Participant: 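Handing you this structure, nothing more for now.
Scope of the values below: all heavy atoms of this structure, side chains included, with no hydrogens, waters or symmetry mates. The structure presented is a predicted model; accordingly, all values stated were derived computationally and were not measured.
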Amino acid sequence: MAAAIPPPTSQANGNIYSLFFDHEDHKVTIAHSEQLDIADTLTIEAMVYLTKESTGYIIAKKQSFALAVKKGQLMISMNNTKPGWVWKNTKVQLELNKWKHVAVTYNHGANGTESCVYVDGALVRRFTDMVGPLDHSAGNDLLLGVHLAEDHISGFIANVRVWKKVLSSERLTQLAFAKTASSSRSSSASFSPDSDILDSRDPDLVGWWPLDRGYGSEATDRSRFELHGTIAHYTNWVLCLSKFHDIVPSSLTADFRNMLNNPMGSDLKLRIAAPPNDPSGEPGDGLDGSRGDDNPSDDMGNFLYAHKIILATRCRVFNAMLNAEMKERHSSDIYLRDISFPALQKLIEFIYTDFVEMDGEHVVELFTAADKYDLPRLKYLCETFMIANLNTDNACTIMDTAERFHADMLGKECFRFLIENFWEINVTEAYTNLPPHLIREINAEASKVHRMSGSTNPPPAKRRKIAEIE
């Protein structure tokens with residue numbers, strides 16, 4: 001992905017991080033400040049790198065001003081006397097996979113009101129059908145990268161700035177193509193209008209969020225007002241090479257995947273617990289102190305190389321086991337029970353990479369392991385996979401799993417599916433094996449729903465089955 005325009009910041013090592021937005025929960029929040037209540041002369045600007053034609057806010061002080069994209073097209077909204085908080089489409093499509101500098105100015109004065117939109121310093125649209133100053137009575141926070149309606153930005157946002165003056169096309173071009181910044185000057189020095197490119201102490205610069213820190217949840221404001229923001233899901237830092245180079249995807253997941261079952265540096269072997277009195281002589285102690293399963297397993301001869309530091313860092317249960325006064329702390333072998341070897345492989349894959357390739361054969365077992373080993377994200381991934389793959393053959397098994405592990409999201413979706421497909425599912429053996437209280441609840445809801453919809457006459461066999469259960 002070629003970055004035609006780099007973010008205008010300077011780093012000692014020549015590298016820059018940018019923040020990646022690709023989820024409805026990804027956003028930066030800058031708490032409301034009177035400094036941002038700019039009524040008459042305003043410029044907002046940002047570097048944007050869209051990876052697909054997405055929809056979402058780039059910069060938004062909702063009910064006051066906003067710059068956004070709708071399927072990759074720039075949109076603005078300025079809440080003034082006329083036309084008020086309405087969207088205006090510039091009909092300018094941002095090029096994908098390139099850094100683009102986007103800016104909006106608002107100028108309300110004696111000669112009227114207008115708003116101009118710029119891309120890479122070039123004027124692309126002027127709106128003159130506006131009246132009055134901007135309204136800030138709502139007192140909303142400033143938001144970056146937040147979702148719009150049911151969609152969200154997909155891409156990078158960097159170097160967001162808010163000015164209490166209207167910047168010229170020439171000035172915006174300077175900022176768009178800047179190779180250096182003077183943000184590192186001594187804070188004791190006075191501001192000079194002749195400073196190279198940009199000075200963080202410019203009195204008209206209200207906020208400057210480079211979003212290039214590379215770690216943590218703080219969105220640092222380099223302006224003199226220090227309106228620092230908070231980043232949600234701040235693990236989405238991506239390294240960009242030095243100026244005018246490609247964005248380099250993180251190799252962390254691939255690197256850790258290479259450590260999976262790798263004897264290099266390994267100080268641990270994970271094995272499936274042997275059954276009681278197994279002639280192999282293996283101790284067979286499970287994680288919970290039990291002696292293992294009652295029946296031999298073909299998986300017993302298999303093991304995985306692992307690294308104690310990774311297991312302990314990523315999993316609280318392994319951390320407790322490896323750091324407490326348990327025998328596993330001093331052992332190079334750990335025997336695990338209640339899990340098959342394929343499911344164990346997937347469990348460890350997730351611990352190392354934060355990702356796992358789901359399949360219908362092992363997802364319920366993996367969900368059970370995620371609960372046992374206290375891995376809430378893995379539980380969530382399993383839940384979403386099961387919801388997406390619900391069918392009349394597996395719905396009862398998944399419903400029973402949701403009930404046993406108090407998985408509310410999964411349980412609600414299963415319950416809805418069972419009601420919608422009641423006549424196909426209620427005659428199956430799996431349905432009759434559900435807990436009685438759950439069957440009564442499903443029957444009652446199905447009876448009500450299908451009576452309201454008019455489908456109250458199932459075939460006689462199905463009526464008999466319902467009668468037997470009730």
Side-chain angles (χ1 to χ4, degrees), residues 272-273 275 286-288 290 292-295 297-299 315 317 336-347 349-350 356-451 453 455 458-459 461-470:
I272 301 300
L287 182 61
D288 53 6
S290 66
D293 297 322
D294 294 331
N295 299 304
S297 168
D298 292 336
D299 296 331
C315 176
V317 174
L336 306 174
R337 69 185 303 268
D338 297 331
I339 189 170
S340 68
F341 191 73
L344 175 61
Q345 289 176 304
K346 291 181 178 295
L347 177 74
E349 178 187 1
F350 172 81
V356 64
E357 191 71 38
M358 296 285 181
D359 64 64
E361 182 180 357
H362 299 103
V363 66
V364 172
E365 186 181 8
L366 190 60
F367 176 81
T368 303
D371 181 81
K372 180 175 182 178
Y373 291 95
D374 195 15
L375 295 167
R377 173 171 160 77
L378 180 56
K379 282 187 68 176
Y380 173 78
L381 293 176
C382 291
E383 283 188 75
T384 56
F385 180 87
M386 287 188 279
I387 290 170
N389 291 276
L390 274 173
N391 57 52
T392 54
D393 293 326
N394 63 26
C396 292
T397 300
I398 294 175
M399 183 74 228
D400 183 56
T401 301
E403 181 78 2
R404 286 188 293 116
F405 292 98
H406 308 290
D408 292 340
M409 178 179 73
L410 182 61
K412 288 177 182 177
E413 289 300 318
C414 279
F415 191 85
R416 178 192 58 77
F417 185 88
L418 289 168
I419 299 303
E420 290 179 355
N421 300 275
F422 183 71
W423 302 127
E424 290 78 22
I425 295 175
N426 85 91
V427 294
T428 64
E429 183 180 353
Y431 186 77
T432 61
N433 290 332
L434 286 173
H437 75 278
L438 198 53
I439 292 176
R440 287 192 294 270
E441 186 179 350
I442 294 169
N443 286 349
E445 183 65 19
S447 177
K448 180 172 65 176
V449 168
H450 291 289
R451 186 182 299 116
S453 66
S455 55
K462 294 184 178 181
R463 286 203 298 270
R464 285 196 300 275
K465 180 68 71 174
I466 295 172
E468 291 169 7
I469 295 170
E470 294 179 337

Participant: For side chain to side chain contact (heavy atoms under 4.5 Å, CB included), just list the numbers for Asn394 and Met386, CA-CA rounded to whole Å, side-chain angles, deciding distance to a tenth of an Å, and then say yes or no.
Facilitator: CA-CA 9 Å; Asn394 63 26; Met386 287 188 279; over 6 Å; no
Participant: What distance separates Thr428 OG1 from Leu434 CG, expressed to the nearest 0.5 Å?
Facilitator: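 The CG atom of Leu434 is 8.0 Å from OG1 of Thr428, to the nearest 0.5 Å.
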Participant: Quick one: do Arg416 and Glu413 make a salt bridge, cutoff under 4.0 Å?
Facilitator: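 Salt bridge between Arg416 and Glu413, a charged N being under 4.0 Å from a carboxylate O: yes.
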Participant: How many angstroms lie between OH in Tyr373 and CG in Leu378, if you round to the nearest 0.5 Å?
Facilitator: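 The distance works out to 12.0 Å.
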Participant: Sequence neighbours excluded, which residues qualify as salt bridge (Lys or Arg N to Asp or Glu O under 4.0 Å) partners of Glu403?
Facilitator: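 Glu403 satisfies salt bridge (Lys or Arg N to Asp or Glu O under 4.0 Å) with no other residue.
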Participant: How close do Ile419 and Ile442 get, counting heavy atoms only, and between which atoms?
Facilitator: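 Minimum heavy-atom separation between Ile419 and Ile442: CD1-O, 3.5 Å.
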Participant: Has Glu365 got a side-chain atom pairing as donor or acceptor with Ser340's backbone, closer than 3.5 angstrom?
Facilitator: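 Side chain of Glu365 to backbone of Ser340, a donor-acceptor pair under 3.5 Å: yes, one is there.
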Participant: For residues Lys346 and Val363, determine if any side-chain heavy atom of one lies less than 4.5 Å from a side-chain heavy atom of the other.
Facilitator: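 A side-chain contact under 4.5 Å is absent here.
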Participant: So, using salt bridge (Lys or Arg N to Asp or Glu O under 4.0 Å) as the criterion, who are the partners of Arg404 when residues are at least two apart?
Facilitator: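 Testing Arg404 for salt bridge (Lys or Arg N to Asp or Glu O under 4.0 Å), a comparison that skips the adjacent residues, returns Asp400.
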Participant: Evaluate the side chain to side chain contact (heavy atoms under 4.5 Å, CB included) criterion for residues Phe415 and Glu441: first the C-alpha distance (whole Å), next the side-chain angles of each, then the deciding distance (0.1 Å), finally the verdict.
Facilitator: CA-CA 10 Å; Phe415 191 85; Glu441 186 179 350; 4.0 Å; yes
Participant: Looking at Leu366 and Ala343, what are the two nearest heavy atoms and their distance?
Facilitator: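 Distance-wise, the nearest heavy atoms are CD1-O, 3.8 Å.
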Participant: Would you name the heavy atoms of Ile339 and Ala369 that are closest together and state the gap between them?
Facilitator: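 Of all heavy-atom pairs spanning Ile339 and Ala369, the closest is CD1-CB, 3.9 Å.
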Participant: Which heavy atom of Ala395 sits nearest to which heavy atom of Leu418, and what is that distance?
Facilitator: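 Reported closest heavy-atom pair: CB-CD2, 3.9 Å.
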Participant: Hey, mind stepping through Leu347 and Leu375 against side chain to side chain contact (heavy atoms under 4.5 Å, CB included) and telling me if it holds?
Facilitator: CA-CA 10 Å; Leu347 177 74; Leu375 295 167; 3.6 Å; yes
Participant: Find out whether Phe385 and Val356 are in side-chain contact, i.e. whether some heavy atom of one side chain is under 4.5 Å from a heavy atom of the other.
Facilitator: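 Not touching, per the 4.5 Å side-chain cut-off.
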Participant: Treating Ser447 as the side-chain partner and Ala444 as the backbone partner, does any N or O pair qualify as donor plus acceptor under 3.5 Å?
Facilitator: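 No, Ser447 side chain to Ala444 backbone: no donor-acceptor pair under 3.5 Å.
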Participant: For Phe405, does the CZ atom sit with more than 12 other heavy atoms under 6.0 Å from it, leaving out its own atoms?
Facilitator: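 Counting other residues, nucleotides and ligands, CZ of Phe405 exceeds 12 neighbours.
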Participant: For the residue pair His362 and Pro342, what are the closest heavy atoms and their distance?
Facilitator: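 That would be NE2-CB, 3.4 Å.
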Participant: Is there side-chain contact between Glu445 and Phe422, with heavy atoms separated by less than 4.5 Å?
Facilitator: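 Counting from C-beta outward, Glu445 and Phe422 never come under 4.5 Å.
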Participant: Could you walk me through whether Tyr431 and Asn443 pass the side chain to side chain contact (heavy atoms under 4.5 Å, CB included) test, one step at a time?
Facilitator: CA-CA 11 Å; Tyr431 186 77; Asn443 286 349; 2.7 Å; yes
Participant: Please report the interatomic distance CD1(Ile439) to NE2(His437), rounded to the nearest 0.5 Å.
Facilitator: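 Here the rounded value is 9.5 Å.
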Participant: For the residue pair Arg337 and Lys372, what are the closest heavy atoms and their distance?
Facilitator: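 Looking at all heavy atoms of both residues, the shortest contact is O-NZ, 3.6 Å.
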Participant: Just wondering, do Ile425 and Cys396 contact through their side chains at under 4.5 Å, heavy atoms?
Facilitator: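 Side-chain contact under 4.5 Å: yes.
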Participant: Drop me the distance from Phe350's CZ to Met358's CE, to the nearest 0.5 angstrom.
Facilitator: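 Rounded to the nearest 0.5 Å, the CZ-CE separation comes to 8.0 Å.
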Participant: Do Ile398 and Phe417 have side chains that approach each other closer than 4.5 Å (heavy atoms only, starting at C-beta)?
Facilitator: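 Contact flag for Ile398/Phe417 side chains = no.
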